[in-house]
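Note on naming: letters A, B, ... go to the chains in the order of the sequence lines (proteins, then strands), and numbering restarts at 1 for each one.
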Amino acid sequence: MNQKFLQPYQFSEESDIYKEWEDSGYFNPDNLSKGRIKKYCIVMPPPNANGRLHSGHGTDFTLKDILIRFYRMKGYQTLLIPGSDHAGFETQGQYEKELKKQGRSRFGMDDKDLYKEIFDFVMSHKHIMEEDIKKLGISCDWSRNKFTLDKDVVSTTCDTFIKMYNEGFIYRGKRCIHWNPKFQTSLSDIETKFKDEKGKFYYFKYGPFVIGTARPETKFSDKYIIVHPDDKRYKKYKNKQKFSVEWINGPIEATLIKDEVANMEMGSGAMTITPWHSQVDFDLACKYDLPIEQIIDWNGKLLPIAGEFEGLNISAAREKIVEKLKKKGLLVKIDENYEHAVRVCDRTNVVVEPQVKSQWFVKMDNLSKSSLDALDEGRYKILTKTHEKIFRHWMNNPIDWNISRQIVWGIQIPAWFKDKGLDTEEIKVGKDCPGDGFIQDTDTFDTWFSSGHWPLVTLGYPNSSDMEFYPTQVMETGADLIFKWVPRMIIFGLYLKKEVPFKDIYLHGMTQDAKGVKMSKSKGNGLSPVDLVDEFGTDATRMSFVVATPPGMNTILTKDKVRAYKKFTNKVWNITRFILENIKDIELKEDKIYQEKDIKILKNLNTEISFVTEHIEKYRMDLAAERLYHYVWHDVADKILEDTKEIFKTGTKEEIQSRKQTLYVILTTSLKLLHPFMPFITETIWKDLPEGFMKDEKLIIISKWPNYDKNK
RNA sequence: GGGCGAUUAGCUCAGUUGGCUAGAGCGCUUCGUUUACACCGAAGAUGUCGGGGGUUCAAGUCCCUCAUCGCCCACCA
């Protein structure tokens, strides 16, 4: 027996094993093709190439790797594709922080210089993140590593844009969009969220009406009053009736409009509209063809239309305007405890300002519908019902998708404007400059527009032979991506390839800390998977990611849990030591006759094999792992090995021989069953296993998954 | 405002088509170092499975209801 078994398991040698696997070439399906007919492919969600892995990635990648290792052992031609995402807005935001530390700012910088700097920044981080993935033992094919800014990805993304534009799925429109004034870019709906806020709600006298508002600073050009047609309080006034109204900066003429959008329950039931700075008001203005004026500039300051308030920022202006209206006797009352939700940027928490801007939009209605149709036809499955509901809700209520971003870190939109700039009538779409006087759109694509192509571009769409792996088997990703990333991949897959890019959608929950709070960078409560690996070893860390992580459920990660699985790796190690010590003197032959007691043990092992196999096939890796833990520790170690000691003392020669043979079968089989979950220790042990009928390959990664007989 | 999820041992959580004498890890008590392992073993304590009602031969598991916590969605000015 190798001397190494006399010492506790040293997980520090894991990186050598990973190297050995890489050198073997078995991560690459091209080296697996012999006799492997069925294909099994998973595309890894590309982590943002701007930092290290977090525990969410840990769960994510571990689950996928378990599936890949399992199916590789089952004889499939397996492919797990790694990659990383440029994560446009997020990365640029992060780099801007770096700039700030250096006392610099992106404003005033040349776009090309900025892009270059961010590119270098990302490249230096990308490598670190890739090392982290290796540390987790993920058996992905690095020869197919992709980045969302690789030339072919950029090219394919642009081609899709051009195709969609030509076929009417993309249009340019002047719409009310979400504007982040601090980062100077527009955002899509899914990049914003609501934050509850306690504020003030003001009631002002407006001619014969009382109007309510939470935002007095936008009200300068409000010249239309909206009431509900059925509102009895305003029955005496006619639709389109005009009023002379004393307002913030003097008298104005206001017009009444009766429309059902007005809510009779809300305040006085009368409201004025500010089309440039409100989605609802904008729609209303379009409906009645009303003038649309900008009040607040792109930096969040008031424009000349505000008169004496010009140049003030929103919060400063609000107080002063209310003060002025109060002096004029127009302030009716202030509700001090007004609870409402403000829309903020998902990533930066900056309050977004609705602004009207010309942007590129994807028309979502038909694309959403075909995605739903494919779901109804059973062309793909969402494994958890809850998420299917959420998904259906989103797809049933599609909002046109703003894909223009005013940042440099991304793929520049292949559209060209002539002379008058961005609002010109003359627009050409295409990769090359259409002629003199045209300048390319400076905007870049929303990150999700390119990453929506991920399953396609990682497989080399449109021409690579790798497209044989399309559609992939399963999309396994965080639950929060069900309405962000997942629908976009489905849409592009259906649009470009007429097929959904994956058969199953498996969503895991969020990783939470000991208090059940979602782990996140901003809260600083994350447990880094790499730190856990350094402290407890990869195998223990992987087990802790998997056990008690059922599909769709949030999972809590604590050091205690990881520590418990470190003990388990030690247990596996010592079981091996005991068994190897005792079987070294016997000849291992398949046709050995087993004693009755051992036949029972092997039958029981058969049950374990079937449980583990069937549960992995059902994506219940959590239950499979837990069951293995229990079997190895409490059946093999506590019962079988203890019983073996008895037999060694008092058994007959035949009984001892039979038991030794049985232990060999148990050990090899257990290692195989454990391998997808705990790849390193199992491979380490496998190397020192004596040659015999159960050791079918040099490396356990390509050894055959144990068979079981359902009828036994 | 709408939707979803959670509530099981002191703590953190499993328990998926109803069959449980309700489990795991950590913690706790007692005993044990006999050549796999003290990163151990043996034995044990701790639970009206959030409250109430219902369906069933049988409910932690299904239904209704209430309570608390959490998450997501939402243009209510």
Side-chain angles (χ1 to χ4, degrees), chain A residues 1 5-9 176 178 189-190 193-194 201-203 211-215 218-219 222 225-226 261-274 277-284 338 340-341 343 354 383-387 389-390 393-394 397 399 479-480 482-483 509-510 512-518 536-537 540 543-544 547-582 615 618-620 622-623 625-627 629-630 633-634 636-638 641-642 644-645 648-649 663:
Chain A
M1 189 178 56
F5 287 104
L6 298 177
Q7 290 177 357
Y9 173 57
C176 190
H178 309 298
D189 290 82
I190 57 168
K193 62 184 177 190
F194 288 92
F201 194 77
Y202 307 89
Y203 291 90
I211 58 155
T213 182
R215 301 199 60 191
T218 64
K219 295 283 153 196
D222 286 16
I225 312 135
I226 316 294
V261 290
N263 184 342
M264 292 187 276
E265 313 291 314
M266 183 77 191
S268 61
M271 65 172 182
T272 61
I273 59 165
T274 315
H277 299 289
S278 155
Q279 181 86 51
V280 193
D281 296 2
F282 180 83
D283 292 344
L284 216 52
Y338 176 62
H340 65 139
R343 208 185 256 271
L383 296 174
T384 39
K385 280 209 178 92
T386 306
H387 297 114
K389 271 189 198 165
I390 296 174
H393 173 82
W394 272 88
N397 299 284
I399 299 166
D480 55 331
I482 186 64
F483 51 84
M510 302 289 101
Q512 301 170 327
D513 67 10
K515 287 172 194 150
V517 178
K518 180 180 160 180
F536 304 105
M543 279 297 274
S544 67
V547 177
T549 306
M553 298 291 290
N554 290 344
T555 175
I556 289 189
L557 186 64
T558 59
K559 276 199 174 185
D560 270 348
K561 191 173 166 186
V562 192
R563 197 173 289 120
Y565 290 107
K566 185 181 172 249
K567 288 185 184 179
F568 180 61
T569 55
N570 189 57
K571 198 72 185 174
V572 172
W573 191 251
N574 280 297
I575 289 169
T576 306
R577 178 173 160 186
F578 179 85
I579 294 177
L580 292 188
E581 224 165 20
N582 286 296
H615 280 79
K618 284 193 287 189
Y619 297 108
R620 291 309 305 264
D622 59 317
L623 295 182
E626 208 176 349
R627 175 78 170 231
Y629 173 89
H630 194 271
W633 198 314
H634 300 298
V636 176
D638 293 350
L641 293 198
E642 290 307 314
T644 301
K645 289 178 192 170
F648 285 172
K649 267 190 213 158
L663 290 181

Report yes if a side-chain nitrogen or oxygen of [X] is closer than 4.0 Å to either non-bridging phosphate oxygen (OP1 or OP2) of [N]; otherwise report no.
X	N	answer
Y338(A)	rA77(B)	yes
K567(A)	rC37(B)	no
W633(A)	rG41(B)	yes
R343(A)	rC75(B)	yes
K571(A)	rG41(B)	yes

[N] [atom2] sits how many Å from [X] [atom1], rounded?
X	N	atom1	atom2	answer
I390(A)	rG5(B)	CD1	C1'	10 Å
H615(A)	rU17(B)	NE2	P	10 Å
W573(A)	rC40(B)	CH2	P	17 Å
H630(A)	rG23(B)	NE2	P	10 Å
F648(A)	rU34(B)	CZ	C1'	15 Å
F201(A)	rC76(B)	CZ	P	12 Å
H340(A)	rC76(B)	NE2	P	11 Å
M543(A)	rA24(B)	CE	C1'	12 Å

Among [options], find the nucleotide with the atom closest to the side chain of [X].
X	options	result
F483(A)	rA77(B), rA36(B), rC73(B)	rC73(B)
A564(A)	rA14(B), rG25(B), rA74(B)	rG25(B)
N570(A)	rC39(B), rA77(B), rA36(B)	rC39(B)
W394(A)	rA77(B), rA14(B), rA74(B)	rA74(B)

What contact category does [X] fall into here, base, sugar-phosphate, or nothing, at under 4.0 angstrom with non-hydrogen atoms?
X	answer
K645(A)	base
F194(A)	base
D638(A)	sugar-phosphate
Q279(A)	nothing
A214(A)	nothing
L623(A)	base
G269(A)	base

Any strand: nucleotide that pairs with [N] via Watson-Crick or wobble, under 3.5 Å:
N	answer
rA9(B)	none
rG27(B)	none
rC71(B)	rG3(B)
rG19(B)	rC57(B)

Determine the interatomic distance between [atom1] on [N] and the same-named atom on [M]; round to the nearest Å.
N	M	atom1	value
rC40(B)	rU33(B)	C1'	9 Å
rA22(B)	rA59(B)	C1'	12 Å
rG70(B)	rC64(B)	P	24 Å
rA45(B)	rA24(B)	P	13 Å
rC69(B)	rG51(B)	C1'	15 Å

Rounded to the nearest 0.5 Å, how far apart are CG of N574(A) and NZ of K567(A)?
13.5 Å
Distance, nearest 0.5 Å, that separates CG of L663(A) from CD of E581(A)
12.5 Å
Please verify the inter-ring angle class for F568(A) with Y629(A); under 30° counts as parallel, over 60° as perpendicular, anything in between as tilted.
tilted
